[in-house]
Amino acid sequence: MSTKYIFVTGGVTSSLGKGIICASLGRLLISRGLRVTVQKLDPYINVDPGTMNPYEHGEVYVTDDGAETDLDLGHYERFLDIKTSQENNVTTGRVYYDVITKERQGVYLGKTVQVIPHITDEIKSHVLSLGESENYDVVITEVGGTVGDIESLPYIEAMRQLRYDVGRKNTLSIHLTLVPYLSAAGELKTKPTQHSVKTLSESGMSPDILVCRSEYPLDNSIRKKIALFCNVEIEDVIASLDADSIYEVPLLMQDEGLDTRVIEKLNLPAKNADLTDWKEFVKRIKEPADEISIALVGKYVEHHDAYKSIVEALIHGGAMNNTRVNIKWVQSDFVTDENVEELLGSVSGILVAPGFGDRGIDGKLIAVKYARENEIPFFGICLGMQCAVVEFARNCAGLKNANSAEFDEKTAYAVIDFMADQKEISEKGGTMRLGRYECKLAEGTNSRKAYGKEIIFERHRHRLELNNSLREKLVESGLKVAGINPERNLVEIVEIESHPWFVGVQFHPELKSSVSTPHPLFVDFVKASLNQYNESETVKNDSKIGETV
Ligand code: GLN
């Protein structure tokens, strides 16, 4: 069977949840026995989002092959339980970069290089090569931005051409629109959808299926009206209602028949979907047996998308423990010795987040110290692990003013230092230690117990590491090296043996957690936090009994 290509565009407004719709459709098609991947085309000029501020663009999602990509790829991996790569995320910046590089190399043989055909050809080759790379049954391509934007035009044009290149029967156009509710009129309005479809059609692409985002159910008369004005059949008007959790969306899309319509139109061989495990997962998130609070200490906490994968991994870890994890967002700049008890005294676990730059570091160190001294489960991720090492060096290993070279190049004890191969690098884009590396776990550690095996592979995005010349001193003082990269002898995980659950990881475990395969460290961290919660409740109840007596 030749690969089928589904193009997903969005209209009227951004933030309609295109990424989640693509991921949900992908999940449904996989559950029906098809081989599927999802790709994101981003219309901005940055070559990748790696150099963008998290306030601008949210989290940078890193793939196994070390690509710094859009956070929607995280949704694809979490929903589909697949591995994505650089080919799953293409930006206008990368497309132009490649075309201009080829022009300089003389590849275009003296031709005038133009948007059509050179830029559109480059876009199409990215879509097709992904399909061919693993011989997928279906590639879902999400076009970022909104139809009508100047930036999106070359993408829509490339999609239009592709429909003819691979044959119309092998492609499908899905368009997402908004059906707003006007409370003054007391009704749902279809005009924005009509206009959005009109704009898309002006570029020569008409939708085969419309996914209509709405706060209220679409009744038959609204569906009929949309179908009539937008040139689709009534069964191709799919309602996408607001959901309590993004994980409900595949189930809602299945109820609306999105996968069935796609399968019929593309003539795909498909079995019935078995979503029993997915439903069980959703049930556990909606009606968990327990509920705990975990603090997420970071410097971008006003913008939750900056920690997207961590939030989702906590949900997955929570579901495995049948527990709802309420995140207490703690701005690291505000944590002081005076208020730490007030800020962190009521949580059952403390997670110190990744990050760059020295803002908020003192607050992170105070949070680490509080977790260590009060035996509260602690999870440090990347910069969070580095802070744990600095705090331990200063307060447990007697290394006065120890620091990370990122914050103080002249520190007497650079317990965290630039990796040797990072010292000479001045260019920013794509130059960190990125992607998948091996880690060997030590016997008898919490990490080894959680993973249940010795060799693991995790994803990285950092420039600094634990300084091996000070490792011995830290170990002598009670810091346990729980994981190393055997090839370069880099410390990947630290633990404190005398603490119930204190784990700092140099890598980003959150990037590998999915609904079907929740990350073992997140599962174990939530479990330890739940134990902590139950113990503190017992203490509270005991003291209450004491009072009444
Ligand atoms: N800034 C630190 C480094 O480059 C940590 C990076 C991170 O948290 N991702 O090593």
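Every number for a ligand or one of its atoms is a count from 1 in the order of the listing.
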**Asked** For the side chain of Tyr155 and the backbone of Asp42, is there at least one donor-acceptor N/O pair under 3.5 Å apart?
**Response** yes
**Request:** Just grab all the side chain to side chain donor-acceptor pair (under 3.5 Å) pairs involving residues 474-492, residues at least two apart or on different chains.
**Result:** Asp421-Arg488, Arg433-Glu492, Arg471-Asn489
Contact table ligand 1 N or O to protein N or O, d under 3.5 Å:
unit_1	atom_1	unit_2	atom_2	d
ligand 1	1 (N)	Gly355	O	3.1
ligand 1	1 (N)	Glu406	OE1	2.8
ligand 1	1 (N)	Glu406	OE2	3.1
ligand 1	4 (O)	Arg463	N	2.9
ligand 1	8 (O)	Gly355	N	3.0
ligand 1	8 (O)	Gly355	O	3.3
ligand 1	8 (O)	Leu383	N	3.0
ligand 1	9 (N)	Arg461	O	2.9
ligand 1	9 (N)	His508	NE2	3.2
ligand 1	10 (O)	Gln386	NE2	3.1
ligand 1	10 (O)	Arg463	N	3.1
ligand 1	10 (O)	Leu464	N	2.9

**Request:** Report yes or no: does Arg35 contribute a side-chain atom to a donor-acceptor pair with the main-chain N or O of Val138 at less than 3.5 Å?
**Result:** no
**Request:** Could you tell me whether the side chain of Lys369 and the main chain of Lys364 form a donor-acceptor pair under 3.5 Å?
**Result:** no
**Message:** Would the distance check show the side chain of Asn322 and the main-chain N or O of Gly318 forming a donor-acceptor pair, the cut-off being under 3.5 Å?
**Reply:** no
**Message:** Is there a salt bridge (charged side-chain N to carboxylate O under 4.0 Å, His left out) between Arg461 and Glu68? Walk through the geometry before answering.
**Reply:** CA-CA 9 Å; Arg461 183 171 186 255; Glu68 296 180 285; 2.6 Å; yes
